[in-house]
Amino acid sequence: HVADREAVEKLVVSEFHRCQVRANVLGAIILARGFAGWDETQPWRRAEADSFAGMAADFTLLRVLAQRAIDDGVTPGLVLGLARGGRVRFLDAFGQRRIVPNVQRLTTDVVYDLASLTKAVVTSLLVMRGVGSGIWALDDPLGKHLPSLAARPEVTLRRTLAHAAGFVAHRPFFEQVIDKGVAPADGRERIVALAAAEPLAFQPGTRSLYSDLGFILLGDLVERGLGGRLDALAERLLWAPLGLRATGFAGSAALAGRT
């Protein structure tokens, strides 16, 4: 409950340093946005004026926080952006995009690999799209929709989404299709079949273990139920409606010529 902007800034910087930045970059952005629009006469209400009006024109605090993350070794590089009302107020890159085998400076147009965030921002959302459309229900056995899992009624959509369906964390299935002359389409089917055949590591519903296998099978469910490849479904049902013109799977038109 500090009503003084300078004190808030000092508090944020000290706390940020104490926590060695870690996962607080987004928090720093939120805090910065909050105290930037501070109303001195009514300290618990946002100023009605431009919420960035009180912040230094060069966003010094954000630059300090970002550089500290680099210096403390929390991350090799990061891109920060702030926008309001459709207008970008701050955008800058800090640190490196790569440090081995050689150093490459980070730029604001770099394409970040979302990797396993695909589980949360694509597969899970499309599963829930199917739930909302009545194609399947969260407590349906996965085997109701995927014949390869018909013998495992305890493996439900809900448990698979929660990484509690009994699947092991990871298996290098790609080694069985890469560089072995397997056509891409056949390789996809082969990996799905291998995931479905993998013995369960524990009784479904008794614990949680982050699993790639469960989401491989959910991806197959989505493709069968919604009628399309996962990348095409994401583009049509997620990216396009949200106006995400620079988001896509590897090889998509949105990322053509970008690295």
Side-chain angles (χ1 to χ4, degrees), residues 1-99 103-118 120-122 124-125 234-235 238-249 252 254-255 257-259:
H1 296 246
V2 182
D4 179 76
R5 182 185 299 123
E6 183 178 353
V8 173
E9 292 184 6
K10 290 180 179 178
L11 176 63
V12 172
V13 172
S14 64
E15 286 300 298
F16 202 85
H17 182 67
R18 184 179 66 81
C19 296
Q20 292 189 320
V21 186
R22 304 227 180 260
N24 291 325
V25 171
L26 179 58
I29 294 174
I30 294 171
L31 284 169
R33 190 177 191 275
F35 66 69
W38 206 274
D39 186 339
E40 301 279 357
T41 61
Q42 301 181 56
W44 313 123
R45 297 180 57 186
R46 284 171 47 85
E48 302 230 347
D50 186 338
S51 64
F52 294 108
M55 185 177 288
D58 59 354
F59 293 88
T60 302
L61 178 59
L62 286 187
R63 294 180 186 279
V64 168
L65 298 177
Q67 190 57 50
R68 186 162 293 162
I70 308 300
D71 296 342
D72 287 352
V74 175
T75 179
L78 60 105
V79 176
L80 292 181
L82 287 172
R84 181 174 183 268
R87 177 184 168 194
V88 176
R89 304 301 183 93
F90 176 83
L91 179 63
D92 204 354
F94 303 85
Q96 289 74 43
R97 63 180 296 175
R98 185 171 74 181
I99 56 177
V103 174
Q104 287 189 359
R105 187 72 181 171
L106 186 62
T107 56
T108 57
D109 62 348
V110 69
V111 175
Y112 280 94
D113 179 10
L114 296 182
S116 277
L117 283 174
T118 305
V121 301
V122 177
S124 293
L125 295 182
E235 171 62 33
L238 301 175
W239 313 148
L242 291 172
L244 301 177
R245 296 184 297 274
T247 302
F249 281 66
S252 67
L255 302 180
R258 300 186 62 189
T259 58

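Hydrogens, waters and symmetry mates play no part in the numbers below; they use all other heavy atoms, side chains included.
Heavy atoms only, all atoms of each residue included: A69 and L78 are closest at CB-CD2, 3.9 Å. In terms of heavy-atom proximity, A234 sits nearest to F249 at CB-CE1, 4.0 Å. Shown here for P76 and I99, the closest heavy-atom pair between the two residues is CB-CG2, 4.2 Å.
Between L62 and L82, some side-chain heavy-atom pair lies under the 4.5 Å cut-off. Between Q96 and R105, the closest side-chain pair of non-hydrogen atoms falls below 4.5 Å.
Residue L80 holds its CG atom at 8.0 Å from CG of D92, rounded to the nearest 0.5 Å. With values rounded to the nearest 0.5 angstrom, T118 atom OG1 is found 7.5 Å from D113 atom CG.
Of the candidates L106, I70, V79, T75, F94 forms a side chain to side chain contact (heavy atoms under 4.5 Å, CB included) with just one, namely I70.
The ring pair (Phe, Tyr, Trp, His ring centres under 6.0 Å) search around F90 returns F59, not counting sequence neighbours.
When atom types are taken as modelled, the side chain of D72 and the backbone of V74 share no donor-acceptor pair closer than 3.5 angstrom.
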